Asks: 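A single structure is presented below for examination.
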Amino acid sequence: GISLSEAEASVASPFTSKVPNITCVPHLLAEGRAALTTSFSVFKYMALYSLILFASVSMLYWHFTFLGDQQYLYGDLVIILFLSFAMGITGPYSQLAKRRPPGSLAGVNVLVSMAIHIILAVLFQVFALLYLHSRAWYKPAAVINRPETDETTVIFFFLICQYVSLSVTLSTGPPYRKPLYTNVIFVLCLLVIVPCNVYIALAPADWAPGLWKLLQMRPFSYLLFRVGILELIILYFILTYLLESYVFHSSWWHTSLRVIRCKKKPFNKYKHILATMDPQWPPLEKSKLLEGVWPQVEKKGSI
């Protein structure tokens with residue numbers, strides 16, 4: 001509810017409008033939809049971050065290696081902390097869309113999109129490891145249970161770039177929020193983090209050796225291999241962005257999920273009530289009680 005008077009307050013009216021009319025309703029709806037969409041995006045981002053990291057660590061354990069402590073700190077403190085905070089600052093869109101945003105975290109659309117993101121992330125990491133093992137110069141690590149291995153370096157490259165890719169992909173703009181470039185803080189974070197990730201991916205081994213030691217990495221001396229890994233990351237970003245922007249938010253995707261679920265009737269109780277109501281209610285014509293009063297009001301120019 002919205003209170004149109006600042007002199008009164010009510011539990012049923014958590015919002016108060018300074019303008020004594022209902023022109024604030026579209027603005028309130030836009031803010032609410034943007035807040036709901038932002039909450040869902042941040043939730044999906046943090047859930048995907050945890051699940052993808054779990055899958056990556058499991059693959060590294062399979063190769064008798066693991067991520068170093070400094071690598072965890074770089075991913076959590078430098079990338080996840082700032083991007084997850086900046087994702088929620090995007091403002092609401094200027095126009096209201098006809099279709100309302102998803103209202104349940106356990107909805108089929110949310111769960112299916114998260115499952116597809118996880119599968120794509122794991123598949124691309126597997127492709128990167130297969131690409132590494134297919135090189136003629138590759139040799140398995142002589143010492144196991146250490147983070148300074150080729151497998152750890154490749155997975156770490158992919159992880160830090162997947163964190164950034166997912167933050168951009170899940171920061172959807174219209175029809176509920178403003179475009180991504182309007183979020184200045186988020187853009188500034190990307191301008192700092194993306195060059196750092198590219199430098200880590202492409203810098204030769206003899207550049208900043210202290211950095212590799214600090215991150216517990218074993219840099220590659222083969223430029224073509226590093227460029228190939230970066231191309232895989234770019235391909236992953238393009239694919240996930242297209243899926244999130246043009247598939248998961250499209251009308252035909254929602255229709256397909258509805259057909260797969262065999263949903264014939266709405267699940268919400270208020271929709272069942274609306275279906276049983278008289279379609280002629282509320283009446284749009286003038287009330288018979290006001291037929292004699294209405295011409296006098298119109299004549300005075302009050303309406």
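When reading the values below, keep in mind they use all heavy atoms of this one structure, side chains included, and skip hydrogens, waters and symmetry mates. None of the values given here were measured: they were computed from a predicted structure.
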Asks: Answer yes or no: does atom CZ of Phe237 have more than 12 heavy-atom neighbours from other residues, nucleotides or ligands under 6.0 Å?
Replies: yes
Asks: Would you name the heavy atoms of Ala128 and Leu232 that are closest together and state the gap between them?
Replies: CA-CD1, 4.1 Å
Asks: Do Ile234 and Leu129 share a hydrophobic cluster, counting only Ile, Leu, Val, Met, Phe, Trp and Tyr and linking them when any side-chain heavy atoms are less than 4.5 Å apart?
Replies: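 Cluster IDs for Ile234 and Leu129 match.
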Asks: Identify the heavy atoms of Tyr236 and His117 that sit nearest to each other, and give their distance.
Replies: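 For Tyr236 and His117, the tightest heavy-atom pair comes out as OH-O, 4.5 Å.
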Asks: For Arg218, check salt bridge (charged side-chain N to carboxylate O under 4.0 Å, His left out) against everything at least two apart and list the hits.
Replies: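 Expected list: Asp150.
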Asks: Are Phe158 and Val198 connected into the same hydrophobic cluster when the rule is that any two of I, L, V, M, F, W, Y join if their side-chain heavy atoms are below 4.5 Å apart?
Replies: yes
Asks: Are Tyr93 and Val187 connected into the same hydrophobic cluster when the rule is that any two of I, L, V, M, F, W, Y join if their side-chain heavy atoms are below 4.5 Å apart?
Replies: no
Asks: Between Leu67 and Gln216, is any pair of side-chain heavy atoms under 4.5 Å apart?
Replies: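 Contact flag for Leu67/Gln216 side chains = no.
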Asks: Quick one: closest heavy-atom pair of Phe157 and Ile233, and the distance?
Replies: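 What the structure gives for the nearest pair is O-CD1, 4.0 Å.
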Asks: Could you check whether any side-chain heavy atom of Phe124 comes within less than 4.5 Å of a side-chain heavy atom of Leu239, counting everything from C-beta outward?
Replies: yes
Asks: Quick one: closest heavy-atom pair of Ser167 and Tyr45, and the distance?
Replies: N-CE1, 3.5 Å
Asks: Which residue in the set Ile116, Asn109, Val110 passes side-chain contact (heavy atoms from CB on, under 4.5 Å) when paired with Val112?
Replies: Ile116
Asks: Walk me through it: do Phe220 and Ile229 pass the test side chain to side chain contact (heavy atoms under 4.5 Å, CB included)?
Replies: CA-CA 11 Å; Phe220 299 105; Ile229 293 296; over 6 Å; no
Asks: Side chains of Thr172 and Glu244 only: does a donor on one sit below 3.5 Å from an acceptor on the other?
Replies: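 Not at all, the side chains of Thr172 and Glu244 share no donor-acceptor pair under 3.5 Å.
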Asks: When rounded to the nearest 0.5 angstrom, what distance separates CE in Met114 from CD1 in Ile52?
Replies: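 Here the rounded value is 9.0 Å.
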Asks: Quick one: side chain to side chain donor-acceptor pair (under 3.5 Å) partners of Thr65, sequence neighbours excluded?
Replies: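 Per chain and number, Thr65 pairs via side chain to side chain donor-acceptor pair (under 3.5 Å) with Thr149, Thr152.
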Asks: Over 60° means perpendicular and under 30° means parallel, so tell me whether Trp137 and Tyr222 are parallel, tilted or perpendicular.
Replies: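 Parallel.
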Asks: Taking atom OH of Tyr241 as the centre, report whether more than 12 heavy atoms of other residues, nucleotides or ligands fall under 6.0 Å from it.
Replies: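 No, OH of Tyr241 has 12 or fewer neighbouring heavy atoms, counting only those of other groups under 6.0 Å.
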Asks: Could you walk me through whether Asp76 and Tyr163 satisfy the side chain to side chain donor-acceptor pair (under 3.5 Å) test, starting with their C-alpha distance in whole Å, then the side-chain angles of each, then the deciding distance to 0.1 Å, before giving a yes or no?
Replies: CA-CA 10 Å; Asp76 294 342; Tyr163 294 160; 5.4 Å; no
Asks: Please determine whether the number of non-hydrogen atoms from other residues, nucleotides or ligands lying under 6.0 Å from atom NE2 of His133 exceeds 12.
Replies: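 Enclosed: over 12 neighbouring heavy atoms sit under 6.0 Å from NE2 of His133.
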Asks: Provide the closest heavy-atom pair for Leu96 versus Ala30 in the form atom of the first, atom of the second, distance.
Replies: CD2-N, 3.8 Å
Asks: Where do Met59 and Val126 land on the side chain to side chain contact (heavy atoms under 4.5 Å, CB included) test, with the steps shown first?
Replies: CA-CA 9 Å; Met59 284 189 289; Val126 172; 3.8 Å; yes
Asks: With rounding to the nearest 0.5 angstrom, report the CG to SG distance, Leu166 to Cys161.
Replies: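 Those atoms lie 11.5 Å apart.
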Asks: Nearest 0.5 Å, please: how far is CZ in Phe66 from CZ in Phe64?
Replies: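 Phe64 CZ to Phe66 CZ: 13.5 Å, rounded to 0.5 Å.
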Asks: What verdict does the side chain to side chain contact (heavy atoms under 4.5 Å, CB included) test give for Thr38 and Thr90, after you've listed the backbone C-alpha separation in whole Å, the side-chain angles of each residue and the deciding distance to 0.1 Å?
Replies: CA-CA 8 Å; Thr38 301; Thr90 306; 5.6 Å; no
Asks: Find the distance between CD1 (Ile185) and CG (Leu190) and round it off to the nearest 0.5 Å.
Replies: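 The CG atom of Leu190 is 12.0 Å from CD1 of Ile185, to the nearest 0.5 Å.
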Asks: Distance from Gln125 atom CD to Leu123 atom CG, nearest 0.5 Å?
Replies: 10.0 Å
Asks: Out of curiosity, does Leu215 fall in the hydrophobic cluster containing Phe82 (side-chain heavy atoms, cut-off under 4.5 Å, transitive links)?
Replies: no
Asks: Counting only heavy atoms not in Phe85, do more than 12 fall under 6.0 Å of its CZ?
Replies: no
Asks: Would you mind reporting whether Phe40 and Pro102 have side-chain heavy atoms less than 4.5 Å apart?
Replies: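 Of all side-chain heavy-atom pairs linking Phe40 with Pro102, at least one is under 4.5 Å.
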Asks: Assess whether atom CG of Leu224 is packed by more than 12 heavy atoms of other residues, nucleotides or ligands within 6.0 Å.
Replies: no
Asks: State yes or no: do Leu214 and Tyr72 share one hydrophobic cluster built from I, L, V, M, F, W and Y residues joined by side-chain heavy-atom distances below 4.5 Å, directly or via other members?
Replies: no
Asks: Are the side chain of Ser41 and the backbone N or O of Leu170 linked by a donor-acceptor pair below 3.5 Å?
Replies: yes
Asks: What pairs of residues pass the salt bridge (charged side-chain N to carboxylate O under 4.0 Å, His left out) test when at least one of them lies in residues 160-183, not counting sequence neighbours?
Replies: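 Those involving residues 160-183 do not exist here.
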Asks: For the atom pair OG (Ser171) and CG (Leu83), what is the distance rounded to the nearest 0.5 Å?
Replies: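 Ser171 OG to Leu83 CG: 8.5 Å, rounded to 0.5 Å.
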Asks: Decide side chain to side chain contact (heavy atoms under 4.5 Å, CB included) for Tyr131 and Val154; before the verdict, give the C-alpha distance in whole Å, the side-chain angles of both, and the deciding distance to 0.1 Å.
Replies: CA-CA 10 Å; Tyr131 179 59; Val154 170; over 6 Å; no
Asks: At their closest point, which heavy atom of Ile80 faces which heavy atom of Met46, and how far apart are they?
Replies: CG2-CE, 4.0 Å
Asks: Is there a side-chain contact between Val227 and Leu202 (heavy atoms, below 4.5 Å)?
Replies: yes
Asks: Return yes when atom CZ of Phe54 has more than 12 non-hydrogen atoms of other residues, nucleotides or ligands closer than 6.0 Å, and no otherwise.
Replies: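 Result for CZ/Phe54: open.
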